[in-house]
There are 2 protein chains.
Amino acid sequence: MTQRETPLAAPAEQGGEKKLSRIQQRNRTRIMEAALDVFAAHGFRGATLDQIAKAAGLSKPNLLYYFDGKEAIHVMLLNRLMETWLNPLEEMDPNGDPLEEVMDYIHGKLQMSREFPRESRLFANEILQGAPRMKPHLESSLKPLVDEKTALLRQWMDNGKLAAVDPRHLLYSIWATTQHYADFEVQIDVLKPDDEDPIEGADTYLDTLFRKLLTP
Amino acid sequence: MTQRETPLAAPAEQGGEKKLSRIQQRNRTRIMEAALDVFAAHGFRGATLDQIAKAAGLSKPNLLYYFDGKEAIHVMLLNRLMETWLNPLEEMDPNGDPLEEVMDYIHGKLQMSREFPRESRLFANEILQGAPRMKPHLESSLKPLVDEKTALLRQWMDNGKLAAVDPRHLLYSIWATTQHYADFEVQIDVLKPDDEDPIEGADTYLDTLFRKLLTP
DNA sequence: CTGAATTTTTACCACTTGGTAAATTGACGA
DNA sequence: TCGTCAATTTACCAAGTGGTAAAAATTCAG
């Protein structure tokens with residue numbers, strides 16, 4: 001089961017520390033991979049350093065040679081994640097066709113649920129627990145971006161390019177419906193009658209849902 | 001399966017229940033309340049018996065006098081939750097007006113996010129971690145109900161009472177959008193510009209969203 | 001009131017967990 | 001080849017965890 005390469009693969013570029021040996025590169029990457037697996041599956045407190053170390057093929061003290069502690073690993077994963085997560089929304093282009101821009105965003109978001117379910121669950125876990133390690137990041141990164149894009153959406157609506165709805169709730173519903181396929185995967189697997197990929201059907205369903213909503 | 005625990009705070013629908021002293025009633029209820037708080041906020045592994053005991057105003061050994069262990073408390077909470085959770089869907093009436101039945105379901109679901117956010121988060125936590133203690137329950141309770149109601153929805157669609165969409169994905173999107181307001185509450189609080197209740201706006205937004213989708 | 005049953009507390013314990021100190025091995029350029 | 005620094009292992013701990021035994025306190029029927 002080869003896991004897809006994630007954007008988390010590259011190690012941190014902490015100011016100044018650029019010189020990383022090949023061993024450092026390799027092991028840090030392996031640790032981040034393993035930690036993503038374990039944190040996504042069990043949450044922060046549910047994950048143990050032993051699990052992560054084992055999954056990374058290292059001893060626990062060896063793991064702690066590379067990172068300052070459990071929390072440091074988690075924080076680094078979350079920071080990495082935010083870039084990837086915000087990217088599709090950032091790319092919503094004020095000069096593009098409004099409806100198609102939103103639909104592209106939706107399909108992109110859904111695609112991320114399929115490609116990066118662990119990242120989605122990592123995020124969901126963190127938010128569910130009250131975002132103890134990410135709230136500042138949300139305020140500083142997510143909020144400004146959302147404010148900007150809701151303004152853009154409202155403008156499109158004012159110009160009659162999109163049906164008028166609350167832009168904030170529109171975003172919520174896009175996030176909710178797309179991430180649901182990653183975060184509640186177990187439930188969906190229980191309920192699905194056939195063996196086909198649920199996200200396949202989701203793609204056409206969500207297209208209909210939001211197109212009907214937003215077509216002026 | 002050795003013991004059959006008594007449901008406590010929840011109305012005892014099962015027959016053959018033993019009489020519980022007033023002290024038992026009171027303390028079991030308090031424990032369940034406290035446990036719901038703690039499990040919803042921290043997940044199963046993140047919660048500790050000490051936290052629960054403290055929140056319930058009891059000592060840890062005293063708490064364990066009433067329940068067989070941490071897992072037993074968690075399982076009981078989940079079982080009680082399932083009834084509440086499935087109830088609105090069960091009430092979707094084959095003899096009612098199709099569109100209004102679905103819309104009632106949506107509004108009811110949203111109302112539950114507002115009234116029982118802890119229950120929603122308890123459920124979300126369990127599913128996110130792979131539903132280790134609830135998968136059987138999902139198969140035995142949720143799946144049959146969903147199969148029944150998707151059949152009903154499909155029938156309504158075939159009769160032209162509802163626009164034709166995938167009924168399963170319709171349910172997913174209803175769950176996702178409504179529960180989102182409880183499960184991602186922290187995020188929504190960060191993003192909301194004013195002090196008004198986000199669920200207020202959600203109510204009209206979701207009404208528009210699903211009405212546009214389903215109106216034939 | 002009184003004695004038995006119920007409830008609560010006190011004092012533990014075995015195990016897990018995140019983390020550390022120091023000794024040991026490995027890599028690699030001069 | 002050697003010396004040095006990077007990488008890894010070994011042997012630990014202190015705190016926290018779920019859980020238990022048994023004594024102490026409380027409740028309550030008769």
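Only heavy atoms go into these numbers, but all of them, side chains included; no hydrogens, no water, no symmetry mates. Chain identifiers are assigned alphabetically (A, B, ...) following the order of the sequence lines, protein sequences preceding nucleic acid strands; residue numbering begins at 1 within each chain.
Looking at residues 62-73 of chain A, you'll see A/Leu64, A/Gly69, A/Lys70 sit with a heavy atom under 4.0 Å from some atom of DNA chain C. Near DNA chain D, meaning a heavy atom under 4.0 Å away, the residues from residues 48-61 of chain B are B/Thr48, B/Leu49, B/Lys60, B/Pro61.
Between B/Arg26 and B/Arg45, the residue whose closest nucleotide on DNA chain C is further toward the 5' end is B/Arg26.
Counting heavy-atom neighbours within 6.0 Å of A/Lys143 NZ, excluding the residue itself, gives a total above 12.
C/dG18 atom P lies 14 Å from atom CD1 of A/Ile31, rounded to whole Å.
Separating the CD1 atom in B/Ile73 from the CG atom in B/Leu78 is a distance of 12.0 Å, to the nearest 0.5 Å.
If you look at B/Phe67 and B/His74, their ring centroids are not closer than 6.0 Å.
Using a 4.5 Å heavy-atom cutoff, the side chains of B/Leu142 and A/Gln187 are in contact.
A donor and an acceptor atom, one from each side chain of A/Gln129 and B/Asn125, are located under 3.5 Å apart. Residues A/Asn27 and A/Tyr66 bring a donor and an acceptor atom of their side chains to less than 3.5 Å of each other. No donor-acceptor contact under 3.5 angstrom links the side chains of A/His42 and B/Arg45, judged on distance only.
None of A/Lys54, A/Arg118, A/Arg30 except one satisfies the salt bridge (charged side-chain N to carboxylate O under 4.0 Å, His left out) rule with A/Asp37; the exception is A/Arg118.
Side-chain atoms of B/Glu126 come within 3.5 Å of backbone N or O of B/Arg133 as a donor-acceptor pair.
Nucleotides of DNA chain D lying under 4.0 Å from heavy atoms of chain A occupy a range whose first and last members, 5' to 3', are D/dA6 to D/dT17.
Residues A/Asp104 and A/Lys109 are not paired through a salt bridge, judged by the lack of any N-O separation under 4.0 Å between the basic side chain and the carboxylate.
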